[in-house]
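Accompanying notes for the structure given below.
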4 protein chains.
Amino acid sequence: MSPPSPARRGELLGIAAEVFAEQGYNATTVREIADAAGMLAGSLYYHFDSKESMLDEILAGFLDELWAGYDGVLAAGLGPRETIEALVTASFREIDRHRSAVAIYQREARNLAVQPRFGYLAESQRQFERAWLGTLERGLAGGSFRADLDVRLTYRFIRDTVWVAASWYRPDGQHSPEVIARQYLSMVLDGITPRPS
Amino acid sequence: MSPPSPARRGELLGIAAEVFAEQGYNATTVREIADAAGMLAGSLYYHFDSKESMLDEILAGFLDELWAGYDGVLAAGLGPRETIEALVTASFREIDRHRSAVAIYQREARNLAVQPRFGYLAESQRQFERAWLGTLERGLAGGSFRADLDVRLTYRFIRDTVWVAASWYRPDGQHSPEVIARQYLSMVLDGITPRPS
Amino acid sequence: MSPPSPARRGELLGIAAEVFAEQGYNATTVREIADAAGMLAGSLYYHFDSKESMLDEILAGFLDELWAGYDGVLAAGLGPRETIEALVTASFREIDRHRSAVAIYQREARNLAVQPRFGYLAESQRQFERAWLGTLERGLAGGSFRADLDVRLTYRFIRDTVWVAASWYRPDGQHSPEVIARQYLSMVLDGITPRPS
Amino acid sequence: MSPPSPARRGELLGIAAEVFAEQGYNATTVREIADAAGMLAGSLYYHFDSKESMLDEILAGFLDELWAGYDGVLAAGLGPRETIEALVTASFREIDRHRSAVAIYQREARNLAVQPRFGYLAESQRQFERAWLGTLERGLAGGSFRADLDVRLTYRFIRDTVWVAASWYRPDGQHSPEVIARQYLSMVLDGITPRPS
DNA sequence: CATGAATGAGTATTCATTCAT
DNA sequence: AATGAATGAATACTCATTCAT
């Protein structure tokens, strides 16, 4: 009768996200989530409608936070290079805070996006692409980036390069998301061969 | 008229690989593979022991070919930069020829590698890492690469950069694997910002 | 077009009987029979209509031979004790010659007998019971057997005692069916405790 | 109202045992067990891991009880003849209480015993043989049994004689297991022909 | 809130059987 | 006579979900 406590829901979502990230959504049984939460499978249904709704909440929550960060960057009116740097940094910060959600997103988004319920994934991808492509084109026109770049290829290159890091990134004391972001950026922007001084 | 058994197996494996790549291994039902092959689910078992053995053959076949290419490169005695270039090019060529297998590998390898049957995946990963890390360290020592690189991070950067491309790369007339490889390499080696000439 | 050779059929039936006896009818696959015969599963269907028809032929053939022996004994006009001895001996002879068929019969007859196709099994059981019960009652009336015997119980006792031997009897040089029969008979007739001389 | 879990398991095992005994383990489908229990096939898996584990529990439970009885007899220090009598009586008592388990054991033990999971069946058979053979040999040496007995044959004779009764024995008011045991014993010990007084 | 027990739709797999060659 | 390939029905088992307590 009384509505489920939001705090408990949050805990449970965190647990579910970890298991989904570890094993994949399809390979994860509701029972495994319940085990990890110290309850029985059926009990999860007091808090959530379905396994799919857990996934939904995890992904939607992640995208909400991500776009909060991105929108701030895009609204700041930075130059193309600085925008790229800020977006990449924001992305690594998001990986740091929602690692499991990012990993789930990486693995499942493509197949989920075709379902009506997960239409917002496709929408987010479009916005994402628009933001990055726009910035790259602006930089190309202004000479911030090499003139011979294939913009779409470069977009994919940066996008994949950044997000795939979620599959191995584990937060520890040494590598803060900002440090990782700076190292990635130095490779993406300047490459791995030495520049002639 | 009807092709001999090994040819049929090959056909079926190709079909299965495409469906696995499209939907994920777990989310793919044997019935879907059979549908795609124009036969009934049970009929697949005349050719294969199990769904898992199909996956096994797909991945093992891919890794065999991949290592044939890599071993050739590594035995050629090239310099570090040329080795990286050749490895990346070999990888894109492999993506071109075994796109679905690469996509499956990307998505499933981590979870499969812990199973005894798929132990060769873990072994291949170790060899893979050794080859790349060794080359990078050699280049670092010899000045082919920037002295401030974090070798492990760079390894992951290049590795992911290349393989993730399998998730969107579709061969067409314009972008041969060699062309894609060259464009990627120019970004990885020299970055996306213009070099002061 | 040309009818299958009866000789080959006989061979195949013998092989099938052995596998059925070893593993049970249900647990035996047509493929296992074919393997044992050095052919492919489908090829058996040139010789037989179905797996069930193999079972049918095996059991019918065995019962035919068995009754040939029994009828001879029953028609001979022996006394009750001699009849029992002759029936037991005939049974052991049949076990010796059709061990697998007897083993199959023991294991499957009860469940098969309810099917119309195998109605002859039930019929045979009834005849069997009539022959044994009649002999025992004749012996009881004539004083050949102990007066305090429960005839039905004794019938089951002897029947089970004899036929179950098929589950372990293996023909070898030392124990001919006649020898085994004589030893059994001495136990059944005189018991295992010493008779006061 | 609803009985606690172990009781329900016991109920279900009893039902499964009856169906296995009636139709044979292989010929019994999980659905048939579920039907007999008034539930759906899948629901059985809430209580048991597999069809095989039901069989396992049934057989192990039966053997545990059987050996409880046998060990009591063997430890009592009776003479050979009294030991045989007590073992036979214990066996019929067990047939009375676990009729289906005994019938399953009779039909399936030979083929199951080779599987690692059912290794305890083979072990039990060895112990069983040791107990009976030892008793028979003791009796032979001490003159309780006829000097001309073939001990192994006699062992099989008695063993089969007793256990095969499970296939037809149905408890009713008139024939308690003790009564049946006494009648069997009188035949086994003294035979069916009259003794010269 | 949580449990225990069940449902029912699905899923991989098996296997007797068929049939063109 | 035998093969290779397929069919189709059945079967054990899984799992998300429901619900009375």
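Numbers restart at 1 for each chain; the letters A, B, ... are given by sequence-line order, proteins then strands.
- For the segment residues 29-40 of chain D, the set of residues with a heavy atom within less than 4.0 Å of an atom of DNA chain F comprises T29(D), V30(D), in numerical order.
- Residues D49(B) and L12(D) each lie close to DNA chain E; by heavy-atom proximity, the contact nearer the 5' end of the strand is made by L12(D).
- Between R8(B) and the phosphate of dG4(F), there is no side-chain N or O to OP1/OP2 separation shorter than 4.0 Å.
- A donor-acceptor contact shorter than 3.5 Å links the side chain of R110(C) to the backbone of S167(D).
- Here the P atom of nucleotide dA5(E) and the OH atom of Y45(A) are 19 Å apart, to the nearest Å.
- Of the charged side-chain nitrogens involved, at least one lies within less than 4.0 Å of a carboxylate oxygen, so that R107(A) and E108(B) count as a salt-bridged pair.
- Backbone-only engagement by T28(D) is indicated by non-hydrogen atom pairs under 4.0 Å involving sugar-phosphate atoms exclusively.
- If you take CZ on R9(C) and CD on E57(C), they are separated by 4.0 Å, rounding to the nearest 0.5 Å.
- Distances shown here put every side-chain N or O of S43(B) at or beyond 4.0 Å from the OP1 or OP2 atom of dA5(F).
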Nucleotide-level pairing of DNA chain E, given in dot-bracket where Watson-Crick and G-U pairs need both distances under 3.5 Å and | marks other strands: .||||||||||||||||||||

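- One can place CG of L44(D) at 15 Å from P of dT11(F), the figure rounded to the nearest angstrom.
- We find that CZ of F48(A) is positioned 15 Å from C1' of dT17(F), with the value rounded to whole Å.
- Out of dT7(E), dT17(F), dT13(E), the shortest distance to the side chain of S50(A) is found at dT17(F).
- Remark: side-chain polar atoms of R97(D) are not paired, donor with acceptor, to backbone N or O of E65(D) under 3.5 angstrom.
- By the 6.0 Å contact criterion, CZ on R31(B) is open, its count of non-hydrogen atoms from other residues, nucleotides or ligands being 12 or less.
- Listed nucleotides: dC1(E), dA6(F), dT13(E). Nearest to the side chain of H47(A): dC1(E).
- To the nearest angstrom, C1' of dA16(F) lies 8 Å from NZ of K51(A).
- Between the CD atom of Q23(D) and the P atom of dA10(F) there is a distance of 16 Å, given to the nearest Å.
- The distance from atom OH of Y25(A) to atom CE of M54(A), rounded to the nearest 0.5 Å, is 8.0 Å.
- Results of the ring pair (Phe, Tyr, Trp, His ring centres under 6.0 Å) test with Y105(D) over F20(D), W163(D), F62(D) single out F62(D) as the only residue that passes.
- A sub-4.0 Å separation between OP1 or OP2 of dA6(E) and a side-chain N or O of Y46(D) is absent.
- The two residues A36(B) and I15(B) come nearest to each other via the heavy atoms CB-CG2, 3.6 Å.
- For the pair N26(D) CG and dC15(E) C1', the computed distance is 13 Å after rounding to whole Å.
- Closest-nucleotide positions on DNA chain F for G42(B) and G42(D) were compared, and the one nearer the 5' end corresponds to G42(B).
- Rounded to whole Å, atom C1' of dC15(F) lies 13 Å from atom CE of M54(A).
- The environment of E22(D) atom CD is sparse: at most 12 non-hydrogen atoms of other residues, nucleotides or ligands sit within 6.0 angstrom.
- Residues D56(D) and Y120(D) have side chains that bring a donor and an acceptor to within less than 3.5 angstrom of each other.
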